[in-house]
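Have a look at the structure below before the remarks.
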Amino acid sequence: MHVPTTTRRFTLSLLATTGLATTGLLGRPRAAIAADAAGWPVAAFKKNSEPDALAALYGQPLIASDKITLEVPEIAENGAVVPVSVSTTLPNVTRISLMVPQNPYTLAASYVLPAGTEPAVSCRLKMAKTSEVVAVVESGGKIFGTRKTVKVTLGGCGG
Amino acid sequence: MPSTIRVRAVAGGDTTEVQALIQHPMDSGFVKNSSGKLIPPHYIEILTFEHAGKRVFTAYWGPAVSKDPYIKFSFKGGAKGDALKVSWIDNLGKNDSLTAVLLG
């Protein structure tokens with residue numbers, strides 16, 4: 001089967017996972033089925049502080065920047081669905097990540113942007129309680145951030 | 001079975017704007033069910049978009065992304081009728097993909 005190079009690694013990871021699932025049917029414990037997808041930054045997603053998550057994902061400190069626009073609600077009545085938008089005028093942006101330091105795990109999402117993709121992204125996050133949301137933009141190999149507090153009146157992580 | 005992926009991608013001017021909604025529980029692993037038992041984590045880890053054989057966007061997600069996730073981004077280029085392939089894989093190895101057509 002021919003697989004284009006760009007998707008080959010992803011496809012292989014799917015095949016590998018399917019293989020594990022089959023093994024699971026033959027009697028292996030269910031936990032063995034769960035395998036993190038190839039390329040997913042597993043260490044960074046397990047950290048529960050901003051410095052640890054930044055270190056795991058980027059290995060360098062954050063520089064505060066006023067060239068990043070972070071749109072979040074001031075008050076979220078439902079922490080299960082908090083709309084977040086980030087855009088930036090910084091050049092050569094390769095990655096935009098979102099962190100919620102008061103959540104059980106700090107890193108919420110990380111977006112990889114190849115050349116030609118606009119440095120702007122919108123999504124919806126869960127927030128366990130009132131917290132800052134930190135937008136981290138990787139531009140020219142350095143990381144820049146801006147932060148805003150969202151007051152959560154009903155937590156979105158079972159709290 | 002209907003796809004879990006709904007995507008609307010519109011090519012206009014220099015860029016294509018993509019909005020997608022994925023049907024997925026995005027269980028964080030911190031929520032208990034009605035009988036007080038923790039619902040195990042089940043969330044999408046990687047979501048990718050490919051246009052003309054090139055990866056235009058990769059999302060790495062953790063359990064803090066909301067249920068039935070939404071994403072919006074834009075990339076340069078793209079013309080009406082072009083194909084845009086959307087794929088996701090979750091922490092249990094489940095996956096889905098869909099090829100959408102760019103609107104003009």
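Please read these numbers as outputs of a predicted model, since none were measured by experiment. The sequence lines fix the lettering, A, B, ..., with proteins before strands; numbering per chain opens at 1. Any value given below was found using the heavy atoms of this structure, including those in side chains, with hydrogens, waters and symmetry copies removed.
Taken together through direct or relayed side-chain contacts under 4.5 Å among Ile, Leu, Val, Met, Phe, Trp and Tyr, B:Val56 and B:Leu103 form parts of separate hydrophobic clusters. Following chains of ILVMFWY side-chain contacts shorter than 4.5 Å, one cannot reach B:Phe49 starting from B:Val10, and the two form parts of different hydrophobic clusters. B:Phe73 and B:Val101 end up in different hydrophobic clusters when Ile, Leu, Val, Met, Phe, Trp and Tyr side chains are linked at under 4.5 Å. Residue A:Val84 is not grouped with residue B:Tyr70 when hydrophobic side chains (ILVMFWY) are merged at heavy-atom distances under 4.5 angstrom, including chains of intermediate members. The hydrophobic cluster containing A:Ile96 also contains A:Val112, counting ILVMFWY residues as joined when their side-chain heavy atoms lie under 4.5 angstrom apart, directly or transitively.
One distance of note links CG of A:Asp36 with OH of B:Tyr60; it measures 12.5 Å at 0.5 Å rounding. Summarising the geometry, atom NZ belonging to B:Lys72 is positioned 6.5 Å from atom OG belonging to A:Ser85; distances are rounded to the nearest 0.5 Å. Here the OG1-NE2 distance, from A:Thr117 to B:His51, works out to 11.0 Å after rounding to the nearest 0.5 Å. Going from atom CH2 of B:Trp61 over to atom CG of A:Leu125 covers 9.5 Å, rounded to the nearest 0.5 Å.
Of all heavy-atom pairs between A:Glu118 and B:Thr15, the closest is OE2-CG2, 3.3 Å. Heavy atoms only, all atoms of each residue included: A:Gly39 and B:Ile46 are closest at C-CD1, 4.4 Å. Between A:Trp40 and B:Gly62, the shortest heavy-atom contact is CZ2-CA, 4.3 Å. Taking all atoms of both residues into account, the shortest heavy-atom contact from B:Leu21 to A:Arg124 is CD2-NH2, 3.5 Å. Here the closest non-hydrogen pair linking B:Ser66 and A:Lys126 is OG-N, 3.7 Å. Of all heavy-atom pairs between A:Pro104 and B:Phe30, the closest is CB-CZ, 3.3 Å.
With chain B as partner, the option from A:Ser87, A:Cys123, A:Gly116 having the largest number of non-hydrogen pairs under 4.5 angstrom is A:Gly116.
If you measure heavy-atom distances from B:Tyr43 to chain A, the contacts under 4.5 Å come from the side chain alone. Residue A:Ala44 does not touch chain B at all, counting heavy-atom pairs closer than 4.5 Å. There is no contact between A:Val100 and chain B, counting heavy-atom distances below 4.5 Å. Neither the backbone nor the side chain of B:Leu38 comes within less than 4.5 Å of any heavy atom of chain A.
With contacts defined as side-chain heavy-atom distances shorter than 4.5 Å, the pair B:Ile71/A:Tyr111 qualifies.
Proximity to chain A among residues 74-81 of chain B is limited to B:Ser74, B:Phe75, B:Lys76, judged by heavy-atom separations below 4.5 angstrom.
By the neighbour-count criterion of 12 heavy atoms within 6.0 Å, atom CZ of A:Arg95 is densely surrounded, having more than that number from other residues, nucleotides or ligands.
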